[in-house]
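Data first, discussion second: the structure below is written as structure tokens.
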There are 2 protein chains.
Amino acid sequence: MCARTIDEIFYIFAQNQRNATQTEQIKVPVRVRIKDIALKAGVSTGTVDRVIHNRGNVATKVKEHVERVMTEMGYKRNLIASTLAYNKTLRIAALIFDQDDPYWFQINQGLEKAQEATLHYGVNLDTFFCDQGNPVMFQKLATEIVESHPDAVLVAPLFLKEGLHFLQLCAKKGIPVAIINTQMPKAKALCYIGQDSYQSGFIAARLLNFGMKKKATVLLLNLDPGPTNAQHLLDKERGFREYFKDDGKSITVLSENFEQYRDQKALKSWFIKILGKYKDLSGVFVTNSRAYMLLDCIDKRYFQDIVMVGFDLVGPNIEYLKSNRINFLINQNPVLQGYLGVINLVNHLILRQEVAQIQYLPLDIVVRENCDYYTRANVSYPATIF
Amino acid sequence: MCARTIDEIFYIFAQNQRNATQTEQIKVPVRVRIKDIALKAGVSTGTVDRVIHNRGNVATKVKEHVERVMTEMGYKRNLIASTLAYNKTLRIAALIFDQDDPYWFQINQGLEKAQEATLHYGVNLDTFFCDQGNPVMFQKLATEIVESHPDAVLVAPLFLKEGLHFLQLCAKKGIPVAIINTQMPKAKALCYIGQDSYQSGFIAARLLNFGMKKKATVLLLNLDPGPTNAQHLLDKERGFREYFKDDGKSITVLSENFEQYRDQKALKSWFIKILGKYKDLSGVFVTNSRAYMLLDCIDKRYFQDIVMVGFDLVGPNIEYLKSNRINFLINQNPVLQGYLGVINLVNHLILRQEVAQIQYLPLDIVVRENCDYYTRANVSYPATIF
DNA sequence: ATTCTTTTTGTGTGCGCGCACAATAGACGA
DNA sequence: TCGTCTATTGTGCGCGCACACAAAAAGAAT
């Protein structure tokens, strides 16, 4: 009675129907089980199992036959049952940066969301926080992580050299790695989830360019502690400059790093100096989420005719966006980066699904009027794995 | 040995570890099972089960005790096991519109994606396609659907009256409904997933306004068959007009319906006439995904000084966006609308989770430079339920 | 033909939960 | 005290799969 031939793949829906008051019978595709394959192929479930998982020890002839029956009947592994029976835990180690920074706080929110969603799949997330601008600490945490033998790793490799080293270590140990935030083309990881930095710089330029005069100076500003050798910053700058190359105007692109951005006075006097030097400064592009820090210490009136473009929907940025002091923000979707980073590892390791190697998140253009829709968390990225 | 007291909620991770070469022991939170609760509370699993599901037939004292133990130990239902054991099928009937229209094609793609993702949860999706501009057919299909006793319904209530009627029928039968695309404030449904139409009209206006002269005329154009009584169109127009009310300029907003949009000649001559009448026409806002239809039949040179804003990333629109004939598109995320519509019903019925009643999708501003990131399907909306 | 390997195939148990049904205790009247 | 009825509690099976182990069949060697 559990027997189902290929011709019986459809069964009467009413049987399983809860409110089976209806007499009308509706046919519904039924899920084919290992048992059904075994019966049809005239073997035991164990043999089918061996074929499915390529465990070997199956006569070639039998194997082929079973495979044929499987495709005929359209077998699909039941992920629910499979996961339940698999019954393994998975430890993921994540290496990100200190949560004082609202951007990294949001990344971590994504991680926590993912942890919650995957708890039932036996996923355990260990998150390590590195101080920004501290490659030594990064190196140390990386070593610690590798030595703790995690099943998978998620990392934001802000430091070029140390990041690469970490990835190589993981590769040697056979630990799959998901990269977020900063792409590392040279490294072979399971996947990268984040933005196309080059293109984000390009778009930033385009947004600055809206209504800009024929001749002007624009400033690309890195507010980063320590040396900015992160790949994504270099790419952003490339994209930014590229746009102005052939826009038909005559725009001078100035690019500057300012490391002591936490020192308001220093930042202020430095920027005022820039303003004095470049009288036609009409656009500022802050390459990370710290645009607000510049605005915090410089008076409104200096920005009268300057278009501001920044990154990320962090609290202070949003305020400036709403008060029209920032014109555009490009959303890097930190929450989704963290979330998808974990999800992809789980997809790979537990659900054994293919994952795309490069997953560029959209470059959301955020203005005052559509800002709320990106910040409100009312859209339920499914709270549970589908 | 299965016994776990509250103090033993942490156990040694290495036990379950696959590559258990390590000697270091890592503590990991363990998932509490019904069995653990039962043991701790000194009752049987059946009793715990009755408490969890509020099935009654439990002495008040015992019930309270079990509940206390549950919160103490932090019990969380294992969705995997729960779903597997629940073993019910769920038939969802979806009522959307004919797939010839690329927009509705994308909605359906979302539905199919969701069907695939939820197959393991025993979800069966029945999709009904209504002809656009045909309320009679809508009514008929709605009746048919209600009579087939689905477990849940997903609908895009383009027709005000018929939509409301459908929703009332479902409410009477106790069938939960997810609404997409068109909000119906009066109806009480499980949830609405789509855009804030008012705000999308508002943003469209803002985008048109970029670099527009002080005095100009803009056209809001409905290309819809039949009477456009859909709520979302009305809301869009409200938002659109609202923006120009206090922008400090003097913009005349013209709004027109043109039903025979499929007739290229008619559309062309009609639009040329408009152009002749309003010499200062400098912006056109097409309120749905059919902006391309206008461009298809009107020569490029007529649009020299006209900013175009439309909706949706359908093929022809994208082409015009890339060739600079459409300046902005607002993405309504049709795929996600369909996908989340189904997912939310499943979340509600199978996973028995709370779902938010209004889920506004972001108002993505799409320009030539960020278009690809919205169309590429490389970001894996988790292929399986989380 | 017999024994011993090796290959191939079959069977049984458990994952955690939901639910039907069996079992027990308590209440009450005869 | 006993039976009966009801309120409460306990037990067992199945969901579909993964995996360990038992069983059988097929070769290989004597």
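The figures here come from the full heavy-atom set of this structure, side chains too, leaving out hydrogens, waters and symmetry mates. Proteins get letters first, then strands, A, B, ... in listed order; numbering begins at 1 in each.
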To the nearest angstrom, the CZ-C1' distance between Arg55(B) and dC19(C) comes to 6 Å

Atom CE of Met70(A) and atom C1' of dC17(D) are separated, to the nearest Å, by 14 Å

Closest to the side chain of Lys35(A), out of dC15(D), dC19(C), dT9(C), is dC15(D)

Note to self: Between Lys88(A) and dC19(D), is there a contact of a side-chain N or O with OP1 or OP2 at under 4.0 Å?
What the structure shows: yes

Result for 5'-nearest mapping on DNA chain C, choosing between Gly42(A) and Ser82(B), is Gly42(A)

Exactly one candidate in Asp126(A), Asp151(A), Asn124(A) meets side chain to side chain donor-acceptor pair (under 3.5 Å) with Arg91(A); the answer is Asp126(A)

* dA18(D) phosphate, OP1 or OP2, under 4.0 Å from His53(A) side-chain N/O -> yes

Assign each of Asn57(B) and Leu84(B) the nucleotide of DNA chain D bearing its closest heavy atom; nearer the 5' end lies the nucleotide of Asn57(B)

Rounded to whole Å, CD1 of Ile52(B) lies from C1' of dC17(C) at a distance of 9 Å

Lys61(A) NZ to dT7(C) C1', in whole Å, measures 16 Å

Atom CD1 of Ile350(B) and atom C1' of dC15(D) are separated, to the nearest Å, by 13 Å

Test item: Asp36(B) side-chain N/O and Arg33(B) main-chain N/O as donor-acceptor pair under 3.5 Å = yes

Subject >> dC15(C) OP1/OP2 closer than 4.0 Å to side-chain N/O of Tyr121(A) >> reply: no

Donor-acceptor pair, side chain of Thr47(B) and main chain of Val43(B), under 3.5 angstrom: no

- [ ] Using a cut-off of strictly less than 4.0 Å, decide whether Arg33(B) has a side-chain nitrogen or oxygen near OP1 or OP2 of dC17(C).
- [x] no

Between NZ of Lys76(B) and P of dG16(C) the distance, given in whole Å, is 17 Å

Classify Thr45(B) by what it touches in the nucleic acid, base, sugar-phosphate, or nothing, heavy-atom distance under 4.0 Å.
base

Does Thr47(B) put a side-chain nitrogen or oxygen below 4.0 Å from OP1 or OP2 of dT8(D)? no

(Q) Quick check on Phe128(A): does its CZ atom have over 12 non-hydrogen neighbours (other residues, nucleotides or ligands) under 6.0 Å away? (A) yes

Judged by nearest nucleotide, the residue sitting upstream toward the 5' end of DNA chain D, Asp49(A) or Val43(B), is Val43(B)

- [ ] Look at Tyr75(B) and dC17(C) and indicate whether a side-chain polar atom (N or O) is within less than 4.0 Å of OP1 or OP2.
- [x] yes

Checking dG14(C), dT9(D), dC15(D) against the side chain of Ala85(B) (C-beta onward), the nearest is dC15(D)

| request: Kindly say whether, by distance alone, the side chain of Arg50(B) makes a donor-acceptor pair under 3.5 Å with the base of dG10(D)? | output: yes

Asn87(A) CG to dG16(D) P, in whole Å, measures 19 Å

Here the distance between atom P of dG16(C) and atom OH of Tyr86(A), to the nearest Å, is 16 Å

Rounded to the nearest 0.5 angstrom, the CG-CG distance for Leu340(B) and Leu336(B) is 4.0 Å

> Between Gln106(A) and Asn333(A), do the side chains contain an N or O donor and an N or O acceptor separated by less than 3.5 Å?
Replying inline: no

